[in-house]
Amino acid sequence: MKKIFNIDKATEGKARAGVITTDHGEIQTPIFMPVGTVASVKTVHQRELREDIKAQIILGNTYHLYLRPGMEVMEAAGGLHQFMNWQKPILTDSGGFQVFSLADSRKITEEGAKFKSHIDGSYHFISPEISMEIQRKIGADILMAFDECTPYPCEYHQAKKSMEMTHRWLKRCMDWCEENPPIYGHQQYLFPIVQGSTYSDLRKISAEVISEADCAGNAIGGLSVGEPEEEMYRITDEVTDILPKEKPRYLMGVGTPWNILESIGLGIDMMDCVMPTRNARNGMLFTWDGVINIRNEKWKKDFSPLDESGTAFVDFEYSKAYLRHLFVAKEYLGKQIASIHNLAFYLDLVTQARKHILAGDFYEWKNTVVPRLRQRR
Ligand SMILES: CNc1nc2c(CC[C@H]3O[C@@H](OC)[C@H](OC)[C@@H]3O)c3nc(N)[nH]c(=O)c3cc2[nH]1
C-alpha cells in the first residue's frame with residue numbers, strides 16, 4: 001500500500017506530529033477537518049476556510065451528495081473539488097452513518113441498506129459497492145469504507161454481528177476499488193473503520209482485521225455516539241495500541257476541544273465534528289478560556305473584542321455585545337461570525353498541539369490547558 005504519512009516527531013507518549021500527502025496537497029497532523037456535509041461548510045466561504053480558518057482538509061458526505069445534487073451533476077462538474085471550488089484535500093464519509101441515523105424506514109441486510117430519502121421520501125439502496133462508486137464520482141482524496149456504526153448502548157451479540165458484517169463489507173469495498181480505478185486522474189485512498197462498540201475483545205479483533213487490510217490510513221468508528229467520555233478515551237487508547245504507528249489514525253465524529261486534545265494524546269492524527277459549526281449557529285463559542293454562550297445577558301454591554309486570543313479577523317473586528325445583538329436579532333451575520341470563530345479556534349487548537357508535540361512538552365501543556373477549555377465563561 002502507498003505510504004501517505006510521514007511522522008515528523010513522536011513524543012514519549014502516543015501523540016505524534018506528521019504530514020499526510022495527497023494529490024491535492026499536504027495535511028499537517030494532528031488535524032481537525034471542518035464538516036462540509038452537503039458541499040458547503042455551513043455559512044462559511046471557501047476563501048474564509050482557506051485564509052481565515054486555514055483549513056487543510058474538509059469533509060463531504062456520500063449520503064447527502066448522492067441525494068443532492070446527485071452523481072449526474074457531480075460527474076458533469078468533474079467531481080466535488082471542481083464543483084465547490086475547493087482545491088485542497090477532501091475526505092468523504094461512506095454514507096452508512098447517515099442512512100442509519102437520518103433516512104426514514106431503512107432496512108439493513110447483508111447486501112446493503114434500503115432507505116427512504118429524508119428529502120423527498122423516494123426509495124434508494126446503498127451497498128459497499130454503491131458507496132464506493134459514489135465516492136469515486138465525488139472524487140475525494142480519502143474515502144471511508146461502508147460500515148455499520150453501532151448505537152450506544154449496544155448488546156454484545158449485536159455488536160459482534162455488526163462488526164463482522166462491517167469486516168465483510170470492507171472486503172467488498174476493497175475488491176470494488178481494485179476493479180474500478182479513480183476517474184479524475186488523482187489518487188483516492190480508502191480508510192477502513194474499526195468497530196466493536198464498547199467491548200474490548202471485539203475492538204481488538206476489529207483493530208487487527210483493519211490493520212491486516214493494509215490500507216493507506218485507518219479510522220476508529222462507533223464512538224462519539226452517546227457513550228461516556230471515559231469510555232471513548234478507553235476504547236481509543238486500546239485501539240491505537242493495535243493500529244499501525246506508521247499510518248494516520250482518524251477518530252470519527254470527535255469532538256469538544258478537550259476531547260480533541262485528549263485524543264491527540266492517545267495517538268489520534270485526524271478528527272472531524274459538527275460541533276464547532278453546529279454550536280456556533282446556536283451562539284456557543286469555544287475559546288482558550290472556556291465556552292461562551294453569546295446570547296447570555298452578561299455580554300449585552302461588553303464591547304471588548306470577540307476573542308482576544310482568537311486568530312480570525314472576526315475576533316478583532318467585532319465585539320461580544322455586537323455578536324450577542326446579531327443573535328438576539330436573528331441576523332444571519334451572527335451565525336457566520338460565530339462559525340468562522342469556532343472553526344478558526346479548532347484549527348488553532350490542533351496547530352498549537354502540533355507545535356507542543358514538536359517542542360516535546362505536549363502532555364504538560366495539554367494538562368494545563370484542558371481544565372481552562374472546559375470552563376463556562
Ligand atoms: C458525531 N459522532 C460520530 N460521527 C460519526 C461518523 C461520521 C458522521 C458523518 O456525518 C456527518 O456529520 C454529522 C459528517 O459527514 C461529512 C461525518 O463524517 C461515523 N461515520 C462512519 N462511517 N462510521 C462511524 O462509525 C461513525 C461514527 C461517528 N460518530
Side-chain angles (χ1 to χ4, degrees), residues 35-39 59-76 79-80 91-140 142-180 183 188 190-197 202 206 209-210 213 219 221-226 252-253 272 274:
V35 170
T37 306
V38 198
L59 258 60
N61 192 279
T62 298
Y63 167 83
H64 292 279
L65 293 169
Y66 159 77
L67 290 178
R68 201 167 43 186
M71 289 305 112
E72 202 185 320
V73 168
M74 194 58 75
E75 261 198 291
L80 185 57
L91 180 151
T92 39
D93 195 12
S94 49
F97 186 89
Q98 277 67 35
V99 167
F100 309 133
S101 60
L102 256 186
D104 313 330
S105 68
R106 69 259 183 282
K107 188 175 175 335
I108 297 137
T109 63
E110 181 69 30
E111 192 43 35
K114 287 188 186 62
F115 64 94
K116 248 174 82 173
S117 159
H118 74 291
I119 297 171
D120 61 9
S122 54
Y123 283 92
H124 301 268
F125 175 71
I126 187 166
S127 65
E129 294 80 8
I130 292 172
S131 174
M132 291 301 111
E133 185 184 2
I134 295 169
Q135 294 187 73
R136 273 277 185 261
K137 292 177 179 173
I138 294 173
I142 298 174
L143 318 180
M144 301 315 290
F146 188 70
D147 64 331
E148 184 174 50
C149 173
T150 44
Y152 177 80
C154 178
E155 286 291 314
Y156 182 86
H157 73 279
Q158 188 196 343
K160 183 169 186 295
K161 253 178 57 210
S162 173
M163 175 196 79
E164 288 163 350
M165 185 170 72
T166 285
H167 294 164
R168 291 191 296 274
W169 281 0
L170 170 60
K171 173 130 182 22
R172 287 168 55 185
C173 290
M174 294 177 73
D175 292 348
W176 191 93
C177 285
E178 201 61 34
E179 296 294 309
N180 301 272
I183 59 175
Q188 295 182 283
L190 177 69
F191 280 23
I193 303 171
V194 177
Q195 292 293 348
S197 188
L202 298 183
S206 193
V209 167
I210 280 0
L223 291 177
S224 188
V225 287
M252 305 188 83
D272 88 277
V274 292

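The figures that follow rest on heavy atoms only: side chains count, while hydrogens, waters and symmetry mates do not.
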> Side chains of S197 and Q158: closer than 4.5 Å at any heavy-atom pair?
Replying inline: no

> Looking only at atom types and distance, does a side-chain atom of S224 sit under 3.5 Å from a main-chain N or O of G253, one as donor and one as acceptor?
Replying inline: yes

> Do other residues, nucleotides or ligands put more than 12 heavy atoms under 6.0 Å from the CD atom of E110?
Replying inline: yes

> Knowing that exactly one of K171, M163, M165 qualifies, which makes a side chain to side chain contact (heavy atoms under 4.5 Å, CB included) with H167?
Replying inline: M163

> Distance from T92 atom OG1 to L143 atom CG, nearest 0.5 Å?
Replying inline: 5.0 Å

> What's the shortest heavy-atom distance between L202 and Y156, and which atoms?
Replying inline: CD2-OH, 3.4 Å

> Does a donor on one side chain and an acceptor on the other come within less than 3.5 Å for S117 and H124?
Replying inline: no

> Between R172 and E111, does a side-chain contact (heavy atoms from CB on, under 4.5 Å) hold up when you go through it step by step?
Replying inline: CA-CA 10 Å; R172 287 168 55 185; E111 192 43 35; 3.4 Å; yes

> Looking only at heavy atoms, which two atoms of A113 and F100 are closest? And how far apart?
Replying inline: CB-CE2, 4.4 Å

>> Test of understanding: with ring pair (Phe, Tyr, Trp, His ring centres under 6.0 Å), list the residues that count as partners of H64, not counting sequence neighbours.
In response: H118

> Does any donor atom in the side chain of N180 or E133 lie under 3.5 Å from an acceptor atom in the other side chain?
Replying inline: no

>> Test of understanding: with side-chain contact (heavy atoms from CB on, under 4.5 Å), list the residues that count as partners of V225, not counting sequence neighbours.
In response: F97, C149, Y152, E227

> Shortest non-hydrogen contact from D272 to V35?
Replying inline: OD2-CG2, 3.3 Å

> Which heavy-atom pair separates M71 from L65 by the least distance, and what is that distance?
Replying inline: CE-O, 3.5 Å

> If you look at every heavy atom in S94 and I126, which pair is closest and at what distance?
Replying inline: O-CD1, 3.9 Å

>> So, using ring pair (Phe, Tyr, Trp, His ring centres under 6.0 Å) as the criterion, who are the partners of F191 when residues are at least two apart?
In response: none

> Which heavy atom of T109 sits nearest a heavy atom of W169, and at what distance?
Replying inline: O-CZ2, 3.5 Å

> So how far is it from I130 CD1 to C173 SG, rounded to the nearest 0.5 Å?
Replying inline: 11.5 Å

>> With a 4.5 Å cut-off on side-chain heavy atoms, are Q195 and I210 touching?
In response: no

>> Using only atom types and a distance under 3.5 Å, with no angle test, would you say the side chain of R106 pairs donor to acceptor with the backbone of V99?
In response: yes

> Does a donor on one side chain sit under 3.5 Å from an acceptor on the other, for T166 and E148?
Replying inline: no

> Does Q188 reach the main-chain N or O of I142 with its side chain, forming a donor-acceptor pair under 3.5 Å?
Replying inline: no

> Hey, does M144 have a side-chain heavy atom less than 4.5 Å from the side chain of L91?
Replying inline: yes

> Would M252 and I193 count as a side-chain contact (heavy atoms from CB on, under 4.5 Å) if you check the C-alpha gap in whole Å, the side-chain angles of each, and the deciding distance to 0.1 Å?
Replying inline: CA-CA 9 Å; M252 305 188 83; I193 303 171; 3.8 Å; yes

>> Would you say S131 and Q135 are linked by a side-chain donor-acceptor pair, where the criterion is simply a distance under 3.5 Å?
In response: yes

> Is the distance between the ring centroids of Y63 and F115 under 6.0 Å?
Replying inline: yes

>> Could you measure the distance from the OG atom of S122 to the CG atom of L67? Nearest 0.5 Å is fine.
In response: 6.5 Å

> Applying the side chain to side chain contact (heavy atoms under 4.5 Å, CB included) test to M132, which of T62, L190, D175 qualifies?
Replying inline: L190

> OG of S206 to CD of E164: how many Å apart, nearest 0.5 Å?
Replying inline: 10.0 Å

>> Walk me through whether I183 and E75 qualify under side-chain contact (heavy atoms from CB on, under 4.5 Å).
In response: CA-CA 9 Å; I183 59 175; E75 261 198 291; 3.9 Å; yes

